[in-house]
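The sequence lines fix the lettering, A, B, ..., with proteins before strands; numbering per chain opens at 1. Predicted model only: the values in this text are computed from it and were never measured.
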Amino acid sequence: EAQVTQNPRYLITVTGKKLTVTCSQNMNHEYMSWYRQDPGLGLRQIYYSMNVEVTDKGDVPEGYKVSRKEKRNFPLILESPSPNQTSLYFCATTPGTAYNEQFFGPGTRLTVL
Amino acid sequence: GQNIDQPTEMTATEGAIVQINCTYQTSGFNGLFWYQQHAGEAPTFLSYNVLDGLEEKGRFSSFLSRSKGYSYLLLKELQMKDSASYLCAVKGTGFQKLVFGTGTRLLVSP
């Protein structure tokens with residue numbers, strides 16, 4: 001079954017404790033993105049990746065890091081989480097430039113105390 | 001700058017027709033998307049318009065006017081399961097640069 005998976009789905013942590021949210025896709029898609037969704041602000045892109053070892057900043061990259069060492073995985077790293085990073089996070093993938101639909105993962109709800 | 005506007009909330013009755021509008025001002029345009037998002041779930045793709053006109057897909061249709069920076073999503077024969085948020089998103093220039101509106105929460109009542 002074609003899918004995008006994220007782990008963990010829910011996480012409560014404390015300020016400053018490094019964490020990683022994983023994203024994995026089995027569709028061999030080239031493009032992957034991370035979004036955060038906050039009430040009243042909608043979905044905002046954090047980082048994106050066009051292919052292995054190619055990443056770039058989205059609209060709200062501060063406080064986040066990503067890596068793309070393999071095509072299927074695109075982890076989101078919070079080196080020192082802060083309460084303003086409490087949000088709902090979505091990973092999304094797209095097959096390639098000829099395609100437009102983004103396939104979203106199930107989401108990760110993160111709370112930073 | 002980039003700006004996408006859509007109403008915050010709408011209500012409608014089961015079986016009715018509802019139109020959700022979206023206006024946009026973006027620095028580039030390579031298409032407009034509509035996504036449906038049920039509470040606590042991931043967005044799912046509904047439609048994509050890149051040329052002016054109406055695209056119909058079952059009970060859902062989407063319209064685009066590039067000159068007016070305007071789109072709408074039309075939902076016919078509303079069902080209770082259509083209660084969800086509807087997200088308008090514009091694809092700008094460059095790779096997969098999607099800018100989302102804040103979404104319209106639609107509540108369908110019996």
Side-chain angles (χ1 to χ4, degrees), chain A residues 2-7 9-10 21 23 25 27 29-51 54-61 66 68 74 87-110, chain B residues 1-9 20 22-51 55 57 60 62 64 71 73 84-106:
Chain A
Q3 60 182 352
V4 182
T5 57
Q6 293 179 227
N7 281 292
R9 294 289 315 279
Y10 303 90
V21 183
C23 174
Q25 50 103 356
M27 297 174 281
H29 287 180
E30 290 185 356
Y31 300 105
M32 300 184 75
S33 300
W34 274 104
Y35 293 89
R36 61 177 289 175
Q37 187 173 36
D38 303 288
L41 295 177
L43 277 161
R44 293 178 293 167
Q45 190 179 53
I46 303 170
Y47 268 96
Y48 63 90
S49 170
M50 290 182 280
N51 213 325
V54 181
T55 64
D56 208 347
K57 297 176 180 178
D59 295 319
V60 287
V66 292
R68 188 91 181 274
F74 189 44
S87 187
L88 179 58
Y89 292 87
F90 288 103
C91 178
T93 73
T94 305
T97 51
Y99 298 86
N100 295 292
E101 177 182 353
Q102 292 210 10
F103 297 84
F104 284 84
T108 295
R109 186 165 291 281
L110 172 67
Chain B
Q2 310 199 83
N3 191 46
I4 298 177
D5 285 318
Q6 46 182 136
T8 303
E9 195 168 286
I20 302 174
C22 171
T23 58
Y24 64 89
Q25 294 172 307
T26 57
S27 55
F29 183 83
N30 279 300
L32 186 142
F33 295 79
W34 285 96
Y35 282 84
Q36 181 190 60
Q37 185 178 25
H38 285 99
E41 297 182 10
T44 55
F45 171 80
L46 287 178
S47 68
Y48 170 70
N49 295 67
V50 66
L51 299 176
E55 295 277 344
K57 191 186 292 186
F60 293 5
S62 56
L64 175 66
S71 172
L73 179 70
S85 288
Y86 292 86
L87 314 180
C88 174
V90 174
K91 184 177 178 182
T93 52
F95 157 68
Q96 297 298 323
K97 186 63 178 170
L98 267 189
V99 178
F100 283 83
T102 54
T104 298
R105 188 163 62 230
L106 174 66

Checklist outcome for this item: Scanning both residues in full, the closest heavy-atom pair of A/Glu101 with B/Phe33 reads N-CE2, 4.1 Å
Checklist entry - Can you name the closest pair of heavy atoms from B/Ala42 and A/Phe90 and give their distance? => result CA-CE2, 3.5 Å
Next on the checklist: If we define contacts as heavy-atom pairs under 4.5 Å, which of B/Pro43, B/Gly103, B/Gly40 has the most with chain A?
Outcome noted: B/Pro43
Next on the checklist: Among residues at least two apart in sequence or on other chains, which ones pass side chain to side chain donor-acceptor pair (under 3.5 Å) with A/Trp34?
Outcome noted: none
Item to check | From B/Phe45 atom CZ to A/Gln102 atom CD, the distance as rounded to the nearest 0.5 Å | outcome: 10.5 Å
Checklist entry - Say you draw a straight line from OG1 of B/Thr102 to CZ of A/Arg44; how long is it, rounded to the nearest 0.5 Å? => result 11.5 Å
Checklist entry - What's the verdict on side-chain contact (heavy atoms from CB on, under 4.5 Å) for A/Tyr35 and B/Leu98, showing C-alpha distance, side-chain angles and the deciding distance? => result CA-CA 10 Å; A/Tyr35 293 89; B/Leu98 267 189; 3.7 Å; yes
Checklist entry - Does CZ belonging to B/Arg105 count more than 12 external heavy atoms closer than 6.0 Å? => result no
Next on the checklist: Which atoms of B/Leu87 are under 4.5 Å from chain A, going by heavy atoms: the side chain, the backbone, both sets, or neither?
Outcome noted: side chain
Checklist entry - In chain order, what residues pass the salt bridge (Lys or Arg N to Asp or Glu O under 4.0 Å) check against A/Asp59, with sequence neighbours excluded? => result B/Lys97
Checklist entry - Which region of A/Leu43, side chain (C-beta onward) or backbone (N, CA, C, O), has a non-hydrogen atom less than 4.5 Å from a non-hydrogen atom of chain B, or is it both or neither? => result both
